[in-house]
Amino acid sequence: MKTLVVAERKGTDLRRVTVELAAKARELGDATVVEIAGERYSPLPFVSALAKKVESEKPDLVLLGATLNGRDLGARLAARLGRTYAADVTGLRAAGNALEVDKPMYAGKIRAKLRLDLPAVVSVRPGAMPLKEGAEAPQVEKIDADASSEKLTFVKLAATATAAKRVSLSEARVVVSGGRGLKGPENWHLVEELADALGGAVGASRAVTDAGWRPNEEQVGQTGKTVTPDLYVALGISGAIQHLAGMTSSKVIVAVNKDPDADIFKIADYGVVADVFEFVPAFTEAVKKARAS
Amino acid sequence: MKILIPLKQVPDSTVRVKVAPDGKSVVTDGITWSISPYDEYAIEMALERKDADPSTVVAVVTVGPARSRDALRQALAMGCDEASLVTADHAAPLAVARALAKVVDEAKPDLVLCGKQASDDDQGFVGPAVAEILGWPHVATITKVVPADGGVELWREVEGGHEVWKAPLPALATVHKSEKEPRYPSLPGIMKAKKKEIPERALSALGVDAAGPTWTVLSMEPPPVRGGGKILKDGDAKQIAQQLAIALRDEAKVL
Ligand SMILES: Cc1cc2nc3c(=O)[nH]c(=O)nc-3n(C[C@H](O)[C@H](O)[C@H](O)COP(=O)(O)OP(=O)(O)OC[C@H]3O[C@@H](n4cnc5c(N)ncnc54)[C@H](O)[C@@H]3O)c2cc1C
Ligand SMILES: Nc1ncnc2c1ncn2[C@@H]1O[C@H](COP(=O)(O)O)[C@@H](O)[C@H]1O
């Protein structure tokens, strides 16, 4: 199978998902990795440049990371080329002349196996295809974005006050999320200190982002981010079905809630029935100690 | 300004979606249906524009089976002005986009707002595809729209903040969130919505074929059941904290 991987960078480094996809593409056969060079992503200049490349290389499969930009670019590219598109898949393999993919659907409540006839465009969830130890960064070919097709004007970047100094939520191996049980934004240092002790990212329930205690981008769940870390810690979160949709595929789930009947305990590997204000500081200390020894 | 919102009716977010006996589809009998959550945000965003400028016209459209009429009625009850239904029981995603592009050609909105993705297929395809068919620019996953000289400013949530893009009209955006929570229909809104006509026509009447590139479902499964976790309760906060930290390090091996 001939695959074209679309690379993405964060700062100067290739995103990890690009390296994951390049390794997958090599497994499937012939792989080319392209990066579209432009000042910043916008759909038309990127789609134009990429569509041209696809028309000349004729890959069976175009793979993108299911990132904010990757998902958008993949969708419009597939529409332009009239190819089948599957977004945010978590597994893929060749099946004769077709491709078989695993795709979460219904906001993560269902896992589907789908067959895609080739050629196709597929975006893949970051971290879904873990890298083998010592995987090498791929060779990347640069193509220029087609600036002439732009119809939008970039105005500015408005930074969020709490701009992430931590790892990004979707890619983090550890996520610590706070819910309404934290009582107010002034108590978020409890969540942050635990996240720092664990080397993880900070998340929130929608009750919290709706109340404006935390920025939207930290929301986990059906209408927020889907996360699949090794460790998910839910502090003062009740476990509504829409929250669970975004985090039930985490490897290990820890829940702290003062209500022994909270739904979150039904899916937790470790549940602690306690007051967050009492338990979390003690747990942060214990984590620091456990990691040090 | 005229704003058109293509919306999709999906199982309500509280539905515990189950796999049907054929193993390839989900149980739809007896479930509650709703407007897809991001489409609700799109409606709210448009209605906030209408609150600010009452001359704004907000229209909704859906391509779907007859039951989708309820979702349109709901949108009217929230405060939308017009609704129309394109009936189709099964249509490929690109066919849906083609039909929506035809509706846009006729209705001539200045701005089309789609949801960022529909919460059944979780794709995020139809919005960009409609823009592509129309040859319009689009901005994905916005949280705010502000009228600006010769167009609109579209705020797009990115890691660490928002990109602000200026788009000439007409343009299309996909919505991630509105500034306020989607409003509930008011009683007068519900009464008014009941009286409104919702014109209906078939996909074929738009000259669109239901076929298009799409996948074949091989199987569907619920995610693995979790449970059988441990509840830690012996000792004071400090003792439990220590037990948990050690269990995470030595048993779960995630520290
Ligand atoms: C269409 C739709 C989409 C949605 N999408 C999302 C989504 O993406 N993400 C999401 O999270 N929600 C989502 N929701 C909202 C969801 O239904 C819940 O309302 C929300 O998750 C509740 O947040 P919470 O658990 O923080 O608050 P609550 O449900 O109020 O729970 C607070 C919990 O804190 C516990 N608590 C209180 N005080 C303490 C204390 N001192 N110590 C320990 N525990 C304490 C309580 O026992 C309770 O269990 C969505 C809803 C809808 C309708
Ligand atoms: N059948 C449909 N009828 C009208 N709008 C739709 C339909 N399907 C998708 N959309 C719109 O396109 C968005 C993305 O859908 P999807 O590509 O299915 O994830 C939705 O949030 C709607 O705004």
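Values below: all heavy atoms of this structure, side chains included; hydrogens, waters and symmetry mates excluded. We name chains A, B, ... by the order of the sequence lines, and we start the count at 1 in each one.
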- Task: Check each atom of A/P104 against the heavy atoms of chain B and say whether the ones under 4.5 Å are side chain, backbone, both or neither.
- Result: backbone
- Tell me, for A/K156 versus chain B, whether the close heavy atoms (under 4.5 Å) come from the side chain, the backbone, both or neither. both
- Crowded around B/R16 CZ? As in, over 12 foreign heavy atoms under 6.0 Å? no
- Task: Would you name the heavy atoms of A/S249 and B/R226 that are closest together and state the gap between them?
- Result: C-NH1, 4.2 Å
- Whether over 12 other heavy atoms sit under 6.0 Å from A/K225 NZ: yes
- Please state whether the side chain, the backbone, both or neither of A/A86 comes within less than 4.5 Å of a heavy atom of chain B. both
- chain A neighbours within residues 241-255 of chain B, where any heavy atom lies under 4.5 Å away: B/A241, B/Q242, B/L244, B/A245, B/A247, B/L248, B/R249, B/E251, B/A252, B/V254, B/L255
- With a 4.5 angstrom heavy-atom cut-off, which part of A/L44 approaches chain B: side chain, backbone, both or neither? side chain
- Message: Ring-plane angle category for A/Y85 and B/F125, please: parallel below 30°, perpendicular beyond 60°, tilted otherwise.
- Response: tilted
- Task: Name the option with the most non-hydrogen atom pairs under 4.5 Å to chain B; the candidates are A/T248, A/L198, A/L169, A/V273.
- Result: A/T248
- Item | From CD1 (B/I133) to CZ (A/R76), nearest 0.5 Å | 9.5 Å
- When only pairs under 4.5 Å are counted, which of A/R80, A/R291, A/K289, A/K266 shares the most heavy-atom pairs with chain B? A/R80
- Item | Per-residue contact mode, A/R173 against chain B (heavy atom under 4.5 angstrom) | neither
- Note on the structure: Looking only at heavy atoms, the pair that brings B/W155 and A/A158 closest together is CZ3-CB, 3.7 Å
- Item | Check: A/D210 main-chain N/O paired with B/E181 side-chain donor or acceptor under 3.5 Å | no
- Separation between CE (B/M220) and CG (A/L114), nearest 0.5 Å, reads 7.0 Å
- Task: Heavy-atom distances under 4.5 Å only: say whether B/V26 touches chain A with side chain, backbone, both or neither.
- Result: side chain
- Message: Given heavy-atom pairs under 4.5 angstrom as the criterion, report whether the side chain, backbone, both or neither of B/A131 touches chain A.
- Response: both
- Item | Among the listed options B/G228, B/P224, B/P222, the residue most often paired with chain A at heavy-atom distances under 4.5 Å | B/P224
- Message: Is B/V126 in contact with chain A via its backbone, its side chain, both, or neither, using a 4.5 Å heavy-atom distance?
- Response: neither
- Residues of residues 29-46 of chain B within contact distance of chain A, non-hydrogen under 4.5 Å: B/P37, B/Y38, B/Y41
- Message: With a 4.5 angstrom heavy-atom cut-off, is it the side chain or the backbone of A/E150 that approaches chain B, or both, or neither?
- Response: side chain
- Task: Show your reasoning for whether salt bridge (charged side-chain N to carboxylate O under 4.0 Å, His left out) applies to A/K109 and B/E221.
- Result: CA-CA 9 Å; A/K109 293 171 190 168; B/E221 283 172 27; over 6 Å; no
- Message: For the interface with chain B, which of A/V280, A/V174, A/L152, A/N69 has the highest count of heavy-atom pairs at distances below 4.5 Å?
- Response: A/L152
- Choice from B/E163, B/K116, B/K233 maximising heavy atom contacts with chain A below 4.5 Å: B/E163
- Partner chain B: residue of A/G199, A/S250, A/S149, A/A78 with the largest heavy-atom pair count (under 4.5 Å): A/S250
- Tell me, with the steps shown, if B/W215 and A/R115 meet side chain to side chain contact (heavy atoms under 4.5 Å, CB included). CA-CA 6 Å; B/W215 56 58; A/R115 206 194 65 181; over 6 Å; no
- Query: In terms of heavy-atom proximity below 4.5 Å to chain B, should A/L157 be classed as side chain, backbone, both, or neither?
  - Reply: both
- A/R83 versus chain B, heavy atoms under 4.5 Å apart: side chain, backbone, both or neither? backbone
- Measure distances from A/D102 to the heavy atoms of chain B and classify the residue's part below 4.5 Å as side chain, backbone, both or neither. neither
- With a 4.5 Å heavy-atom cut-off, do A/E100 and B/L218 have their side chains touching? yes
- Query: Hey, is A/E285 close enough to B/K238 for a salt bridge, meaning N to O under 4.0 Å?
  - Reply: no
- Task: Examine the side chains of B/H138 and A/D72 and answer whether a donor and an acceptor come within less than 3.5 Å of each other.
- Result: yes
- Note on the structure: A/N216 and B/E157 have their tightest heavy-atom pair at CB-OE1, 3.2 Å
- Message: For A/Q222 and B/S13, which I'm curious about, is there any donor-acceptor pair between the side chains at under 3.5 Å?
- Response: no
- Message: What part of A/V254 gets within 4.5 angstrom of chain B, counting heavy atoms only: side chain, backbone, both, or neither?
- Response: side chain
- Message: Between B/E132 (side chain only) and A/A79 (backbone N and O only), is there a donor and an acceptor less than 3.5 Å apart?
- Response: no
- Task: Tell me, for A/T209 versus chain B, whether the close heavy atoms (under 4.5 Å) come from the side chain, the backbone, both or neither.
- Result: side chain
- Report the option among B/I231, B/I240, B/D120 that has the most heavy-atom pairs separated by less than 4.5 Å from atoms of chain A. B/D120
- Message: Nearest 0.5 angstrom please: B/Q123 CD to A/D88 CG, how far?
- Response: 9.0 Å
- Message: For chain A, which candidate among B/A129, B/P223, B/G212, B/A167 shows the most heavy-atom pairs at distances under 4.5 Å?
- Response: B/P223
- Item | Winner by heavy-atom pair count (cut-off under 4.5 Å) against chain B, out of A/V252, A/L116, A/T284 | A/V252
- What part of A/K288 lies closer than 4.5 angstrom to a heavy atom of chain B: side chain, backbone, both or neither? neither
- Item | Option that, when pairs with chain B are counted at under 4.5 Å, heavy atom only, ranks first among A/R111, A/R40, A/E278, A/M105 | A/R111
- Message: Is A/I253 close to chain B through its backbone or its side chain, or both, or neither, when contacts mean heavy atoms under 4.5 Å?
- Response: both
- Task: Heavy-atom distances under 4.5 Å only: say whether B/K230 touches chain A with side chain, backbone, both or neither.
- Result: both
- Contacting region of B/P11 [heavy-atom separation from chain A under 4.5 Å]: side chain
- Item | Heavy-atom closest contact (A/G82 atom, B/P213 atom, distance) | O-CG, 3.4 Å
- Note on the structure: Honestly, the part of B/D234 sitting under 4.5 Å from a heavy atom of chain A is neither
- A/I241 versus chain B, heavy atoms under 4.5 Å apart: side chain, backbone, both or neither? side chain
- Greater than 12 external heavy atoms within 6.0 Å of B/D22's CG: yes
- Item | Salt bridge A/E217-B/R156, side-chain N to carboxylate O under 4.0 Å | no
- Message: Please give me the minimum heavy-atom distance between A/R71 and B/D122, naming the atom from each residue.
- Response: NH2-O, 2.9 Å
- With no hydrogens and no angle check, is any side-chain donor or acceptor of A/K103 less than 3.5 Å from a backbone partner on B/D121? yes
- Query: If you take all heavy atoms of A/Y41 and B/W165, which pair is closest and at what distance?
  - Reply: O-CZ2, 3.5 Å
- Item | Under 4.5 Å from a heavy atom of chain A, the part of B/T214 involved | backbone
